[in-house]
Peer 1: 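Questions regarding the structure given below will be posed in turn.
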Amino acid sequence: MACVVIVGSQWGDEGKGKVVDLLTEGARGIVRFQGGNNAGHTLVVGEDKFIFHLIPSGILHQGKACYIGNGVVIDPQVLLQEMDKLDKRGMPVGPEKLRISDRAHVIMPYHQALDLAREKAKGKQAIGTTGRGIGPCYEDKAARVGVRMIDLLEPEVLRAKIEANVKEKNFWLTEYFSEEPLDAAQIYDQYLEYGNILRDYVGDVPAELKELLDDGENLLFEGAQGIHLDIDHGTYPYVTSSNPVSGSVSSGAGVGITKVNDVLGIVKAYTTRVGGGPFPTELEDDTGAWLRDKGQEFGSTTGRPRRCGWLDTVVVRRSVMLAGITGLCVTKLDVLTGLDTLKICTIYQTPEGEEMDSIPASLERLGACRPVYEELPGWKEDISGARSLDDLPETCRAYLDRLTELCGAPLTMVSVGPGREQTIVLENPFD
Ligand code: GDP
Ligand code: IMO
Ligand code: MG
C-alpha cells in the first residue's frame with residue numbers, strides 16, 4: 001500500500017496531468033482533492049489529446065477508479081460534459097469508475113455570475129480568475145451556506161438552499177454590481193436534474209478509499225493548480241481559493257496524512273503563470289515570447305496566453321518546504337532546447353542589497369526584490385527522444401543537476417515531451 005501525492009510546485013500548469021496519467025499504472029485509485037474546473041490537465045496518448053478539468057487524469061486507464069474528493073468544487077454541467085466527451089470517444093464513465101464525494105460543494109450559476117461581476121468591477125486590480133465561480137463557491141462553503149452533492153439528492157433541502165442563496169446573491173448582483181438577477185426556480189429544476197443523473201456516482205469517498213487501503217491498494221492523489229496559488233501560502237490575493245499543498249489531501253479527500261508516503265513536486269523547467277500577480281523572473285521580451293511559442297503556453301482552461309520566465313528556484317524551494325516534496329519531476333525540458341544560455345534564479349536581492357531566500361508576505365516587498373541569476377550553457381540537440389539521463393547532452397544534465405541542487409529534493413522523473421512515453425523515469429514511487 002502506498003499513497004503518492006502529485007503537486008504543482010510553481011503557479012500551475014507544470015504538467016501534473018501527464019505525470020498522473022503516467023503513474024496511474026501503479027495505482028488502483030486516483031483522487032482529486034481540491035480545486036475545480038479552473039484546472040486544465042492535458043494528456044497526450046499517441047495521436048490523441050485529452051484535457052480534463054474535473055475528472056482525475058487516471059480515467060483513461062482500465063481497471064482503475066477515479067475519485068472526486070470533498071475538497072473539490074464541482075460544476076455538474078462541466079462534469080457531465082467531460083463524461084459525455086469520453087463516452088463519445090468510446091470510453092464510457094460509469095459509477096464504478098468515477099466516484100464523487102457526497103460532501104463536495106457544487107458550483108452554482110450565482111457563483112460564476114459573482115466571480116465575473118467581481119472581476120469586472122476590480123478593473124486593473126482583477127485577479128485574472130478563470131471565471132468559473134471557484135472563489136464564490138469556496139466562500140459559501142466557509143460561510144456554511146453552500147450546496148453539497150448530497151443536497152442535489154434531497155429535493156426539499158436543495159430548494160430551500162437555492163431560494164435563500166439566490167435571494168441574497170441577487171441582491172449583490174443587481175444592487176451592487178448592476179448585473180441581471182438569476183431565477184431560483186430555473187436553477188432548482190436544473191440542479192435537481194443533475195442530481196438525478198449523478199445519483200449513482202455519489203458516495204462516501206473516504207470510506208471507499210479506506211477499503212482500498214485496507215486491501216493493500218495504492219492511491220495516487222492529483223493536485224490542481226500550483227503551491228504558489230495556494231490561498232494560504234501563495235501570492236495572496238493573486239491566488240485560487242483552495243489549498244494545493246499536499247496537506248490538503250487529508251482535509252480534501254479524507255485520507256489521514258500518516259498514510260502519505262511520497263509527495264512528487266512537478267517543476268516546469270522554466271516558469272509560467274496565468275492571470276495577475278507577482279512573477280519575479282517574468283520575461284516580457286523576445287525570450288518570453290519564444291518560450292510561450294515553443295512551449296505552447298496557452299491556458300488549457302481559458303486559452304489565455306501564459307506569462308513566461310526563467311526558472312525560479314526560490315519558488316520551488318519554498319514548495320519543497322511547504323509540501324514536504326520528496327521527489328522532483330522536471331517537465332518541458334525539451335522546450336529549452338535551442339537557447340544559447342539559460343538563466344536560473346538562485347535567490348532574491350532586496351532593495352537594500354541583501355540576499356533573501358524567501359517570498360515575503362508583502363507583495364510590495366516582493367515587487368521590490370530582484371531575482372539573482374546564475375547563467376548556464378544551453379544545448380541544441382533534440383532531446384525529445386531521450387529515455388535515460390545518458391541520452392541527454394552534458395549541458396542539459398548540468399542544468400538538471402543544478403536545478404535539483406538548488407531546489408533541495410532528489411530528481412525522480414524528467415519529461416521531454418507531452419507524450420506518455422517521452423519520460424525518463426529515475427524512480428517510480430510505486431515500485
Ligand atoms: P497541468 O495543469 O499541470 O496538468 O498542465 P497543463 O496540461 O495545463 O499544461 C502542461 C502542457 O504541457 C500540456 O499541454 C502538456 O501536454 C504539455 N507537456 C507536459 N509535459 C511536457 C513536456 O515534457 N514537454 C512538452 N513539450 N510539453 C509537455
Ligand atoms: P491547473 O490545475 C494555472 C489561476 C487563475 C488566476 C487564479 C485564480 O491546470 O494547474 P480561480 O479561477 O482559481 O479563482 O483563479 O488562479 N489558476 C490557474 N493557473 N493553472 C491552473 O490550474 C489554475 N487554476 C487557477 O489564472 O490567476
Ligand atoms: Mg493546467
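Along the sequence shown, the residues carry numbers beginning at 1. Remember, it's 1-based here, ligands and their atoms both numbered in the order they're listed. Basis for what follows: all heavy atoms, side chains included, without hydrogens, waters or symmetry-related copies.
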Peer 1: Please check if any side-chain donor atom of Asp140 sits under 3.5 Å from a side-chain acceptor atom of His105, or the reverse.
Peer 2: no
Peer 1: Passes side-chain hydrogen bond (donor to acceptor under 3.5 Å, both in side chains), Arg306 versus Ser300? Steps please.
Peer 2: CA-CA 10 Å; Arg306 294 174 182 152; Ser300 315; 3.1 Å; yes
Peer 1: Tell me the contacting part of Arg306 for ligand 1: side chain, backbone, both, or neither, using a 4.0 Å heavy-atom threshold, strictly below.
Peer 2: side chain
Peer 1: Mark the output for Gly40 as yes if a heavy-atom distance to ligand 1 is under 4.0 Å, and as no if none is.
Peer 2: yes
Peer 1: Looking only at side-chain N and O atoms, does Asp334 offer a donor or acceptor that is under 3.5 Å from a partner on Ser384?
Peer 2: no
Peer 1: Taking all non-hydrogen atoms of both residues, which atom of Asn261 and which atom of Cys3 are closest, and how far apart?
Peer 2: OD1-N, 2.7 Å
Peer 1: Report yes or no: does Lys294 have a heavy atom closer than 4.0 Å to ligand 1?
Peer 2: no
Peer 1: What residue and atom, counting heavy atoms only, is the protein's closest point to atom 26 (N) of ligand 1, and at what distance?
Peer 2: Asp334 OD2, 2.8 Å
Peer 1: Counting heavy atoms only, which of Gln225, Arg273, His41 is nearest atom 22 (O) of ligand 2?
Peer 2: Gln225
Peer 1: Measure from atom 17 (N) of ligand 2 to every heavy atom in Asn38, Thr240, Leu229 and give the option owning the shortest one.
Peer 2: Leu229
Peer 1: With heavy-atom distances below 4.0 Å as the criterion, list the atoms of ligand 2 near Trp11.
Peer 2: 3 (C), 19 (N)
Peer 1: If hydrogens are left out, which of Arg307, Arg132, Arg304, Gln10 has an atom nearest to atom 26 (O) of ligand 2, that is, the closest non-hydrogen atom?
Peer 2: Arg304
Peer 1: Looking only at distances, can you tell me whether any N or O atom of Ser241, backbone or side chain, sits closer than 3.5 Å to an N or O atom of ligand 2?
Peer 2: no
Peer 1: With side chains defined as the heavy atoms from C-beta onward, is the minimum distance between Val245 and Asp232 less than 4.5 Å?
Peer 2: no
Peer 1: Would you check the N or O atoms of Lys16, main chain and side chain alike, for any that come under 3.5 Å of an N or O of ligand 2?
Peer 2: yes
Peer 1: Just jot down the ligand 1 atoms closer than 4.0 angstrom to any heavy atom of Ser300, in number order.
Peer 2: 6 (P), 7 (O), 8 (O)
Peer 1: Taking 4.0 angstrom as the limit and counting only heavy atoms of His41, give me the atoms of ligand 1 inside it, by number and element.
Peer 2: 1 (P), 2 (O), 4 (O), 7 (O)
Peer 1: On a heavy-atom basis, which atom in Asp391 and which in Arg387 lie closest, and how many Å separate them?
Peer 2: OD2-N, 2.9 Å
Peer 1: Is there a side chain to side chain contact (heavy atoms under 4.5 Å, CB included) between Trp11 and Thr235? Walk through the geometry before answering.
Peer 2: CA-CA 10 Å; Trp11 280 285; Thr235 44; 3.6 Å; yes
Peer 1: For residues Trp310 and Thr271, report the shortest heavy-atom separation together with the two atoms involved.
Peer 2: O-OG1, 2.7 Å
Peer 1: Within a radius of less than 6.0 Å around NZ of Lys85, do more than 12 heavy atoms belonging to other residues, nucleotides or ligands occur?
Peer 2: no
Peer 1: Nearest protein heavy-atom contact for atom 1 (P) of ligand 1: which residue, which atom, what distance?
Peer 2: Lys16 N, 3.5 Å
Peer 1: In terms of heavy-atom contacts, does CD of Glu374 have more than 12 from other residues, nucleotides or ligands at under 6.0 Å?
Peer 2: yes
Peer 1: Relative to ligand 1, is Leu43 under 4.0 angstrom through side chain, backbone, both or neither, heavy atoms considered?
Peer 2: neither
Peer 1: Answer yes or no as to whether an N/O/S atom of Gly17 is found below 2.8 Å from the Mg ion (ligand 3).
Peer 2: no
Peer 1: If you look at Asp13, which of its N/O/S atoms is nearest to the Mg ion (ligand 3)?
Peer 2: OD1
Peer 1: Assess, by modelled atom type and distance only, whether the side chains of Thr129 and Asp115 contain a donor and an acceptor separated by less than 3.5 Å.
Peer 2: yes
Peer 1: Would you verify whether the NZ or CZ of Arg89 falls within 45 degrees of the ring axis of Phe50 while also being under 6.0 Å from that six-membered ring's centre?
Peer 2: yes
Peer 1: Tell me, which protein residue and heavy-atom name are nearest atom 10 (C) of ligand 1, and how many Å apart are they?
Peer 2: Asp13 O, 3.8 Å
Peer 1: Check each of Asp13, Thr301, Val73 against atom 20 (N) of ligand 2 and report the one with the nearest heavy atom.
Peer 2: Asp13
Peer 1: Can you find a non-hydrogen atom of Gly417 under 4.0 Å from ligand 1?
Peer 2: yes
Peer 1: How far is atom 8 (C) of ligand 2 from the closest protein heavy atom, and which atom is that?
Peer 2: Val239 O, 3.4 Å
Peer 1: Less than 3.5 Å between some nitrogen or oxygen of Gly12 and one of ligand 1, yes or no?
Peer 2: no
Peer 1: Can you find a side-chain donor-acceptor pair between Asp312 and Tyr348 that sits under 3.5 Å?
Peer 2: yes
Peer 1: Verify side chain to side chain contact (heavy atoms under 4.5 Å, CB included) between Ile134 and Val73, making sure each step is shown before the conclusion.
Peer 2: CA-CA 7 Å; Ile134 306 295; Val73 288; 4.0 Å; yes
Peer 1: Name the closest protein heavy atom to atom 11 (C) of ligand 1, giving the residue it belongs to and the distance to 0.1 Å.
Peer 2: Lys332 NZ, 3.6 Å
Peer 1: Between Asp230 and Gln225, is there a side-chain heavy-atom distance shorter than 4.5 Å?
Peer 2: no
Peer 1: Say whether Thr42, considering both its backbone and side-chain N or O atoms, lies within less than 3.5 Å of an N or O atom on ligand 1.
Peer 2: yes
Peer 1: What protein heavy atom lies closest to atom 15 (O) of ligand 2? Include the residue and the distance to one decimal.
Peer 2: Thr129 CA, 3.3 Å
Peer 1: Enumerate the atoms of ligand 2 whose separation from the nearest heavy atom of Ala39 is less than 4.0 angstrom.
Peer 2: 1 (P), 2 (O), 9 (O), 22 (O)
Peer 1: Pick, from Gly135, Gly128, Gly275, the option with the minimum heavy-atom distance to atom 6 (C) of ligand 2.
Peer 2: Gly128
Peer 1: May I ask you to test the Leu376-Thr395 pair for a side-chain heavy-atom distance under 4.5 Å?
Peer 2: no
Peer 1: For Arg132 and Thr130, what are the C-alpha separation, side-chain angles and deciding distance, and is it a side-chain hydrogen bond (donor to acceptor under 3.5 Å, both in side chains)?
Peer 2: CA-CA 5 Å; Arg132 302 298 195 260; Thr130 57; 5.1 Å; no
Peer 1: What is the minimum heavy-atom distance between Gly29 and Tyr67, and which atoms define it?
Peer 2: CA-CE1, 4.0 Å
Peer 1: Who's the nearest protein heavy-atom neighbour of atom 27 (O) of ligand 2, and how far?
Peer 2: Val274 O, 3.0 Å
Peer 1: Tell me: protein heavy atom nearest atom 4 (O) of ligand 1, and distance?
Peer 2: Gly17 N, 2.8 Å
Peer 1: N/O of Val335 under 3.5 Å from N/O of ligand 1, yes or no?
Peer 2: no
Peer 1: Quick test of your reading of the structure: of Ser415, Ser57, Cys329, whose heavy atom lies closest to atom 20 (N) of ligand 1?
Peer 2: Ser415
Peer 1: Where the closest heavy atom to atom 9 (O) of ligand 2 is concerned, which of Pro136, Ala224, Gly40, Ala126 has it?
Peer 2: Gly40
Peer 1: Counting non-hydrogen protein atoms only, what is the nearest one to atom 12 (O) of ligand 2? Give residue, atom name and distance.
Peer 2: Thr130 OG1, 2.6 Å
Peer 1: Looking only at N/O atoms, are Glu14 and ligand 2 under 3.5 Å apart anywhere?
Peer 2: no
Peer 1: Indicate yes or no: does an N/O atom of Lys18 lie under 3.5 Å from an N/O atom of ligand 1?
Peer 2: no
